[in-house]
Peer 1: 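Sharing a structure with you now.
Every chain is numbered from 1, with letters handed out A, B, ... down the list of sequences. Only a predicted model underlies this, so the values are computations on that prediction, with no experimental measurement involved.
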Amino acid sequence: MDSLRTLPYSECMDSPPTSSPEKTQGGTQSLPRAYLVRSERERLLEAMLRVAAAKGYEATTIKDVIEVAGVSEQAFEEMFADKEACFLEAYEAVFDVLLAHMTSAFEAAAGQPWPERISAALGALVGLLSIEAGIARLSMVEVTAAGDDARARYRSALARFTPFLEEGREYANQGEELPADTARFAIGGAASMIFDEIRAGRGPELNRILPDLVFAVLMPYLGPEAAEDEMRRVIREHR
Amino acid sequence: MGKQAATKVQAGAEGPGATGEVLPEAPTLRLVSSPKRQRILEGMLEAVGDAGYDAASVRTVLDQTGLYRQAFYDEFADKDDCYLEALRYGVAKFAAIARAAGGPESGWRSQLRAGIAAVLDALDADPAAGRALIVEVHAAGPEALKIRAEAMKQVTDFIDSARYASAGTESPPPIAAEGIVAGMHAVVHAKLAAGDGSGFRELLPDFMYFAVLPYFGAEIAGAEMKAARL
């Protein structure tokens with residue numbers, strides 16, 4: 001599927017039945033079925049995101065989703081208890097993808113100093129979010145208007161970015177001295193800046209705030225001078 | 001201390017000497033022309049804080065205030081109208097609390113410390129109002145988000161006035177203040193949204209560290225953090 005290149009959650013989700021199809025019991029007959037189940041599920045998740053991004057979660061119906069996915073209503077019901085269950089799984093998948101993108105950028109920059117690796121990860125984040133501006137709006141902005149459950153998901157999704165940052169304690173050479181809330185402060189600050197950009201209708205150009213995000217995320221760990229140095233390096237690099 | 005800092009902090013006060021005796025009145029507080037109106041606004045904040053914006057209704061507000069239906073509609077067109085004013089009222093109240101705590105004659109760092117401490121105390125005293133203002137604002141539509149953005153801008157401007165404080169040794173890029181406000185907001189928001197209604201004051205040392213760091217460096221920020229722990 002073409003769009004999976006920008007939103008490749010198929011690669012990041014736990015799907016044991018198809019990750020090792022050769023082990024499936026029951027021979028060749030079960031393979032197409034297992035394959036179909038997985039791809040229907042993916043199609044439904046993606047359709048859920050695209051429809052909800054286009055018309056809002058409230059207005060989205062299961063009928064919309066199965067039409068866009070090209071999947072039967074019965075198949076939907078076999079896989080998801082209701083619209084919300086499907087949405088929440090799709091929502092998790094968005095963060096799986098974001099995290100996978102950031103992780104690979106972070107790891108590709110292994111050997112670079114920690115601030116540069118953070119910039120690489122943030123670059124991957126804003127890159128993907130600006131390509132998928134509709135889904136970004138849904139996941140980073142509209143979710144804060146949804147109920148407590150959705151907000152709780154949002155908070156735990158943001159917390160998944162913590163491991164990238166906590167390396168900064170050692171790098172900053174004052175690990176124990178830094179406030180306990182440093183990661184939450186840095187991530188929350190970045191998320192809030194992204195929120196403001198998307199709200200202002202600048203989601204598709206989210207790349208432009210990369211230097212600001214770099215500064216805001218690094219500053220609590222490194223202080224203003226080192227954070228500004230890295231910010232300037234990012235500006236030069238992207239010029 | 002820098003002139004600009006003083007002007008900004010004092011924006012709501014009459015002048016030196018006015019603070020300390022009574023809370024300086026923020027401009028929007030004058031919108032509350034009657035005790036009944038104020039009761040409704042406070043009832044609205046409580047209702048939205050307790051039930052959430054979507055679930056709160058005019059009925060809930062009436063239950064909260066013990067007023068008759070007509071009394072509500074004499075003052076406000078509907079729930080949205082009332083919430084927007086309650087939001088302005090609540091923001092102005094928090095701003096007044098922060099300004100009053102700072103004191104006009106002290107420097108940026110002590111104004112900051114006193115202001116943040118006072119707001120955190122207010123959250124501990126009334127987490128429902130905090131929830132209505134900081135969490136539920138997101139469910140209330142674009143106009144509410146505009147009020148939120150203006151409030152954040154005010155805090156950002158005050159924080160960034162540290163540049164003009166003579167002791168401000170560092171000169172961070174303009175985004176610094178915005179990042180600090182966004183970060184503090186995120187920590188408070190997460191706590192309120194998780195239904196955690198206490199312990200806000202304990203955030204003060206960390207907040208002092210983050211806010212002072214870009215303008216004064218790690219050493220002074222660390223000292224402020226330790227001082228705020230006492």
Side-chain angles (χ1 to χ4, degrees), chain A residues 58 141-156 158-159 172-174 176-197 199-201 209 211-229 231-232 235, chain B residues 52-55 131 135-142 144-146 148-149 152-153 169-195 202-203 205-219 221-222 225-226 228-229:
Chain A
E58 288 298 322
V141 175
E142 278 157 32
V143 66
T144 62
D148 285 343
D149 282 356
R151 285 182 193 140
R153 297 254 173 176
Y154 176 66
R155 282 196 308 282
S156 56
L158 289 186
N173 236 344
Q174 47 169 346
E176 303 298 302
E177 292 291 301
L178 288 175
D181 261 334
T182 306
R184 205 142 55 106
F185 183 89
I187 294 169
S192 178
M193 289 160 75
I194 291 173
F195 174 95
D196 286 341
E197 283 302 294
R199 272 270 318 146
I209 66 159
D212 289 354
L213 287 174
V214 165
F215 181 84
V217 168
L218 295 178
M219 198 286 291
Y221 287 93
L222 305 180
E225 278 168 33
E228 190 172 353
D229 287 347
M231 181 180 91
R232 299 209 177 284
I235 293 171
Chain B
Y53 186 78
D54 290 331
R131 213 179 130 89
V135 180
E136 295 299 329
V137 63
H138 289 286
L145 286 175
K146 232 164 91 185
R148 168 192 176 274
M152 303 235 333
K153 173 87 168 57
T169 47
E170 309 274 343
S171 179
I175 195 66
E178 205 184 304
I180 293 162
V181 175
M184 292 196 291
H185 172 268
V187 173
V188 169
H189 180 280
K191 207 163 148 59
L192 286 166
E202 286 149 37
L203 298 171
D206 286 12
F207 283 5
M208 282 307 289
Y209 181 83
F210 296 131
V212 169
L213 179 61
Y215 299 102
F216 294 87
E219 205 172 303
M225 176 165 69
K226 286 196 184 80
R229 278 189 189 138

Peer 1: Looking only at non-hydrogen atoms, find the nearest pair between B/Met225 and A/Pro179 and report the distance.
Peer 2: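 Taking every non-hydrogen atom into account, SD-CG, 3.6 Å.
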Peer 1: Would you sort out whether B/Glu178 and A/Asp212 count as a side-chain contact (heavy atoms from CB on, under 4.5 Å), showing the intermediate values?
Peer 2: CA-CA 10 Å; B/Glu178 205 184 304; A/Asp212 289 354; over 6 Å; no
Peer 1: Any side-chain heavy atom of A/Ser192 sitting closer than 4.5 Å to one from B/Met152?
Peer 2: yes
Peer 1: Looking at B/Ala193, B/Pro173, B/Ala176, which has the largest count of heavy-atom pairs under 4.5 Å with chain A?
Peer 2: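 Going by pairs under 4.5 Å, I would pick B/Pro173.
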Peer 1: Would you give the length of the straight line joining atom CG of A/Asp181 to atom CZ of B/Phe207, rounded to the nearest 0.5 angstrom?
Peer 2: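 Here the rounded value is 7.0 Å.
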Peer 1: Check whether any side-chain heavy atom of B/Lys226 lies under 4.5 Å from a side-chain heavy atom of A/Glu177, and answer yes or no.
Peer 2: yes
Peer 1: Under a 4.5 Å cutoff for heavy-atom pairs, which residue among B/Gly52, B/Ala194, B/Gly179 has the most contacts with chain A?
Peer 2: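 Answer, by heavy-atom pair count under 4.5 Å with chain A: B/Ala194.
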Peer 1: Are more than 12 heavy atoms, taken from residues, nucleotides or ligands other than A/Glu225, located less than 6.0 Å from that residue's CD atom?
Peer 2: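 Atom CD in A/Glu225 is not crowded, with 12 or fewer foreign heavy atoms closer than 6.0 Å.
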Peer 1: Could you pull out the closest heavy-atom pair between A/Ala180 and B/Asp206, with the gap in Å?
Peer 2: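 So the two residues come closest at N-OD2, 3.8 Å.
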Peer 1: Determine the minimum heavy-atom distance between B/Phe210 and A/Thr182, stating which atoms define it.
Peer 2: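 It is CZ-CA, 3.6 Å.
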Peer 1: Does the side chain of A/Met219 reach to within under 4.5 Å of the side chain of B/Pro172, using non-hydrogen atoms?
Peer 2: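 Answer no - side chains too far apart.
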Peer 1: For the residue pair A/Phe215 and B/Ile175, what are the closest heavy atoms and their distance?
Peer 2: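 Reported closest heavy-atom pair: CD2-CG2, 3.6 Å.
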Peer 1: If I measure from the heavy atoms of chain A, does B/Val137 come under 4.5 Å with its side chain, its backbone, both, or neither?
Peer 2: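 Neither part.
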Peer 1: Does the plane of the ring in B/His138 sit parallel, tilted or perpendicular to the ring in A/Phe195? Use 30° and 60° as the thresholds.
Peer 2: perpendicular
Peer 1: Where does B/Arg148 contact chain A at under 4.5 Å (heavy atoms): side chain, backbone, both or neither?
Peer 2: side chain
Peer 1: NZ/B/Lys146 to CZ/A/Arg199 distance, rounded to the nearest 0.5 angstrom?
Peer 2: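 Here the interatomic distance stands at 10.0 Å.
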Peer 1: Which atoms of B/Met184 come close to chain A, meaning under 4.5 Å heavy atom to heavy atom: side chain ones, backbone ones, both, or neither?
Peer 2: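 For B/Met184, the contact with chain A is made by backbone and side chain together.
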